[in-house]
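What you see is a predicted model, and the numbers here were worked out from it, not measured in a lab.
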Amino acid sequence: MDGDDRSNRLGEYLRARRGLVTPEQLGLPAGSHRRVPGLRREEVALLAGISADYYLRLERGRDSHPSLQVLESLARVLQLDEVESAYLVGLGAESPRVRRQRRVEHVPERVHHLLAALDVPAFIEGRYFDVLASNALAAALSPRLVPGHNRLRSLLLDPEEREFHDDWETSVASFVALVRQTLGDEVTDPRAVELVGELSLASERFRTLWARQDVRPLEGGSTTVNHPAVGTMRLHREKLPLGDLILVLYYPDENSDAAGKLRLMGLAASRG
């Protein structure tokens, strides 16, 4: 397999992460004539206890299934955390991929009823981060949380999203890392290729983050948003799997200022 082949996911990941570790972080002399960012291949090989030739074969895709011991050694040298290490091990253990076919994602009627019963902003997200269904409070929180919008595309390309998120840069970095974890370089998935290709052309920020190959798991968190009508709100976010779909919830601390603002939004939504 040639090193430029897009299916060389393990080699691409190793190259990207190697470029993010400085010699100083590992106690190596930086020198004044380094031509590459981060570590050299031979430095990674030496610190991982493998030959430079074998490491070169890994990066070029000539050996895509190294042992677990080798992968764990590389994870240590590249200073990967638990999630990133698991991702690296998964890349080394990948089985042959079956070409995916486009399929329509369907939201069951019971899930629509669930959304309507919730008194916090909630919506359903598909595999490709499309909004497939949402309740009235989600639409009141943001007009981009309604069916027909793609969460990743909106976050990167919609100017209003920059104003909506108090820390847009962090939100984007986290989201792109989640996309990498979820989709990777799915060259057999037409929709994934289409989405990544579109954003690579349209957003320099996406290209930069995608090249880093950061990964993060599906998880909740907290965020501060700037709503045009009620102002700033600190909200918690949960992402809960529902089969192949994801239920996303935004909710405030009890009796907080944000809770009062959400109640006002709910009243306005019910009248409108």
**Request:** Take atom CD of Q25 as the centre, draw a 6.0 Å sphere, and report whether it contains more than 12 heavy atoms from other residues, nucleotides or ligands.
**Result:**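 More than 12 within 6.0 Å, yes.
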**More than 12 heavy atoms of other groups within 6.0 Å of Q69 CD** =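 No, the 6.0 Å shell around CD holds no more than 12 heavy atoms from other groups.
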Sub-3.5 Å donor-acceptor pair from the side chain of [X] to the main-chain atoms of [Y], do we have one?
X: K239; Y: E219; value: no
X: R180; Y: W210; value: yes
X: S256; Y: P252; value: no
X: N135; Y: P121; value: no
X: R15; Y: E59; value: yes
X: S171; Y: D167; value: yes
X: D130; Y: E125; value: no

Sidechain N-carboxylate O distance under 4.0 Å for [X], [Y]:
X: E194; Y: R191; value: yes
X: D158; Y: R151; value: no
X: R18; Y: E43; value: no
X: R234; Y: D257; value: no
X: R153; Y: E198; value: yes
X: D214; Y: R17; value: yes

Can you name the nearest heavy-atom pair linking [X] to [Y], along with the distance?
X: V225; Y: L141; answer: CG2-CD1, 4.4 Å
X: Y128; Y: A192; answer: CE2-N, 3.9 Å
X: A122; Y: L118; answer: CB-CD1, 3.7 Å
X: A48; Y: S73; answer: O-CB, 3.6 Å
X: A75; Y: S85; answer: CB-OG, 3.5 Å
X: L209; Y: A173; answer: CD1-CA, 3.8 Å

**Request:** Let me see the working for L26 and Q79 under side chain to side chain contact (heavy atoms under 4.5 Å, CB included), right down to the final yes or no.
**Result:** CA-CA 9 Å; L26 298 176; Q79 301 196 333; 3.4 Å; yes
Mind checking whether [X] and [Y] have side chains closer than 4.5 Å, heavy atoms only?
X: Y13; Y: E84; answer: yes
X: L39; Y: V77; answer: yes
X: V193; Y: D189; answer: no
X: S222; Y: L235; answer: no
X: R212; Y: L20; answer: yes
X: D244; Y: E105; answer: no
X: E42; Y: L56; answer: no
X: D253; Y: H236; answer: yes

**Asked** Given the rule in the side chain to side chain contact (heavy atoms under 4.5 Å, CB included) test, do L245 and V107 qualify, once you have shown the distances and angles that lead to the verdict?
**Response** CA-CA 8 Å; L245 306 174; V107 180; 4.2 Å; yes
With clusters defined by side-chain heavy atoms of hydrophobic residues (ILVMFWY) lying less than 4.5 Å apart, directly or transitively, does [Y] cluster with [X]?
X: Y54; Y: L47; value: yes
X: I124; Y: L145; value: no
X: L183; Y: L156; value: yes
X: L199; Y: V172; value: yes
X: V146; Y: L247; value: no

Drop me the distance from [X]'s [atom1] to [Y]'s [atom2], to the nearest 0.5 angstrom.
X: Q213; Y: L88; atom1: CD; atom2: CG; answer: 10.5 Å
X: E160; Y: S142; atom1: CD; atom2: OG; answer: 8.0 Å
X: L157; Y: S203; atom1: CG; atom2: OG; answer: 6.0 Å
X: N226; Y: D166; atom1: CG; atom2: CG; answer: 5.0 Å
X: L152; Y: L178; atom1: CG; atom2: CG; answer: 9.0 Å
X: Y251; Y: L137; atom1: OH; atom2: CG; answer: 15.5 Å

**Message:** Under the ring pair (Phe, Tyr, Trp, His ring centres under 6.0 Å) definition, can you give me all pairs with a residue in residues 134-175, not counting sequence neighbours?
**Reply:**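 Every ring pair (Phe, Tyr, Trp, His ring centres under 6.0 Å) pair that includes a residue of residues 134-175, provided the two are not neighbours, is F129-F175.
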**Request:** Please lay out, stage by stage, how M233 and H227 fare under the test side chain to side chain contact (heavy atoms under 4.5 Å, CB included).
**Result:** CA-CA 7 Å; M233 291 184 288; H227 192 274; 4.0 Å; yes
**Asked** Is it the case that R216 and S174 place a side-chain donor and acceptor less than 3.5 Å from each other?
**Response**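 Yes - a donor-acceptor pair under 3.5 Å links their side chains.
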**Request:** Could you check whether the rings of Y250 and F123 sit parallel, tilted or perpendicular, using 30° and 60° as the cut-offs?
**Result:**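 Rings of Y250 and F123: parallel, as their planes differ by under 30°.
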**Request:** Would you sort out whether V44 and L74 count as a side chain to side chain contact (heavy atoms under 4.5 Å, CB included), showing the intermediate values?
**Result:** CA-CA 7 Å; V44 175; L74 290 171; 3.7 Å; yes
